[in-house]
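This report concerns only the one structure given below.
Whatever order the structure lists ligands and atoms in, that order sets their numbers, starting from 1.
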Amino acid sequence: MDSPPTATSLYVHVPFCAQKCEYCAFYSTTADGELVNRYVDALTLEVGRLVTKGYSRPQTVFFGGGTPSLLNLRQWERVFAAFDRAGWLGAAEWTIECNPATVSVEKARVLRAHGVNRVSMGVQSVDDELLDRLGRVHSRDMVFRSFDALRGAGFNSINMDLMFGIPGQSMDTWRNTLREILALGSEHLSCYEVIYEEDTPLFEKLKAGRFEVDDDLSSEMFEALVDAAATAGYTQYEVANFGRWSRAGTSGASTADTGPGTGLEIPPGVPTFACRHNVNYWQGGDYVALGPSASGFEKGVRYRNVASTQAYCEAVEKEQSPRDWSESLSALARAGEIAAFGLRMNVGWRWKDFFRATGFDLRDQWESEMLALVAKGWATLDADGFRLTRQGLRFADDAGSEFLRPEAPLYTANPSSYVAASWQSR
Ligand code: SF4
């Protein structure tokens, strides 16, 4: 008999934005009231169905997008009511992504009152000219106002998302953004270099020669970030993620004996305010996905929901699966992926944790790859495990690709609609 389904982590994609940012390749559309209501109905139906299938309350919940904070209070109340009926309120970590233009004091209070305990704010920059260039709807003033509203509502775990390598961004502007944001004292920082995704307006402008990419400057910005975050008391625990420690200085590793992949525990050396939801991704844990275009991974099967809000709603309303693609990987191929994801974390892999997560020993399967990375100065290994160096972390995707074991999946459904799985680390 099959073991009951688990829902260690739940990702919910909210596919609406006030307008499309210049660089964005995530699936989202502008919000149309009727469609948003239909989407909320579909979401609540899906939650109910997961409960009927035996899913228990997830330990981490992450509403990403899109712009989840675009849902109005009535729509949030319906989402919370569905979670309440499911017995899913009270997840240990519940994150909602917010755009600074859509955070009000009242909304922040309602979210907090229903158990949302972490907010990830899409700041990107505090320079109005750069925000405008990125097509963001918010201004620098809104960043500070929203931050105060969240603190006033009782949020003591806030992530600030920043971007560097923005066309026209100078080192001075970047240092200024870092200085102002670090001074706020949020518990977490995520900082990503601008990526030029095909089919985005920013990519078209790059192709048209409207600006040039300066990789050296981006590298310097990354180095400045790592140094400034460390000086401000943050610990880098993943290539792009930095967290603070709780006042007690504990690592949160007290639950580590449950092993990686169970969602809540974090390995020693990872700060208390690390995003446990994302740590679960990087450590190869299962996660359920709801909403159009959301990707999930459960019991060896990777899947993606259809990237259309109408099609998603229609499928759910007809009690059909909204998945438009799924793939089952062999255990070794999946272990290679998990190795690559996990190496994005500064602590890398302890031999025993990797074995517990995958059933494979890194030293048996990937010895030559690890030694080659050590010889390049990109990694170190010792009696406990293997990790990337500061230099290696800068090239974590290249280093991680050495561990992939491309092979035919055990099965693939609807391969034509597959869009390369993103790291989904947001
Ligand atoms: S707010 Fe986020 S999801 Fe929406 S368009 Fe901008 S980057 Fe994309």
Would you kindly say whether Gln75 and Tyr39 are connected by a side-chain donor-acceptor distance under 3.5 Å?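 Side chains of Gln75 and Tyr39: no pair found under 3.5 Å.
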Indicate whether the side chain of Arg136 and that of Tyr23 have a donor and an acceptor atom separated by less than 3.5 Å.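 Their side chains do contain a donor-acceptor pair, which is all the 3.5 Å distance test asks for.
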At a 4.0 Å cut-off, with the gap strictly under it, does some heavy atom of Gly122 reach an atom of ligand 1?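 So Gly122 does not count as touching ligand 1.
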So which of [options] gets nearest to [atom], if we judge by its closest heavy atom?
atom                    : options              : answer
atom 2 (Fe) of ligand 1 : Glu97, Arg136, Lys20 : Arg136
atom 3 (S) of ligand 1  : Cys21, Gly66, Gly135 : Gly66
atom 8 (Fe) of ligand 1 : Ala101, Gly64, Cys24 : Cys24

Looking at every non-hydrogen atom in both residues, tell me the closest pair between Phe63 and Leu43 and how far apart they are.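 Closest heavy-atom pair between Phe63 and Leu43: CE2-CD2, 4.2 Å.
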Ligand 1 atoms in contact with Gly65 (distance to a heavy atom under 4.0 Å):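 Close to Gly65: 3 (S).
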Which of the ligand 1 atoms, numbered from 1, are nearer than 4.0 Å to a heavy atom of Tyr23: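 Ligand 1 atoms under the 4.0 Å threshold to Tyr23: 7 (S).
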Strictly under 2.8 Å, is atom 4 (Fe) of ligand 1 approached by any N, O or S atom of Cys17?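 Within the cut-off used here (under 2.8 Å), Cys17 does place an N, O or S atom near atom 4 (Fe) of ligand 1.
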At under 4.0 Å between heavy atoms, is it the side chain or the backbone of Gln19 that contacts ligand 1, or both, or neither?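 The backbone, only.
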Take Thr309 and Tyr27 through the side-chain hydrogen bond (donor to acceptor under 3.5 Å, both in side chains) test and state the conclusion after the steps. CA-CA 9 Å; Thr309 306; Tyr27 171 68; 3.1 Å; yes
Which residues share a ring pair (Phe, Tyr, Trp, His ring centres under 6.0 Å) with Phe203, sequence neighbours left out: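 Not a single residue meets the ring pair (Phe, Tyr, Trp, His ring centres under 6.0 Å) criterion with Phe203.
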Asp41: what forms a side chain to side chain donor-acceptor pair (under 3.5 Å) with it, not counting sequence neighbours?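 Partners of Asp41 under the side chain to side chain donor-acceptor pair (under 3.5 Å) test: Arg78.
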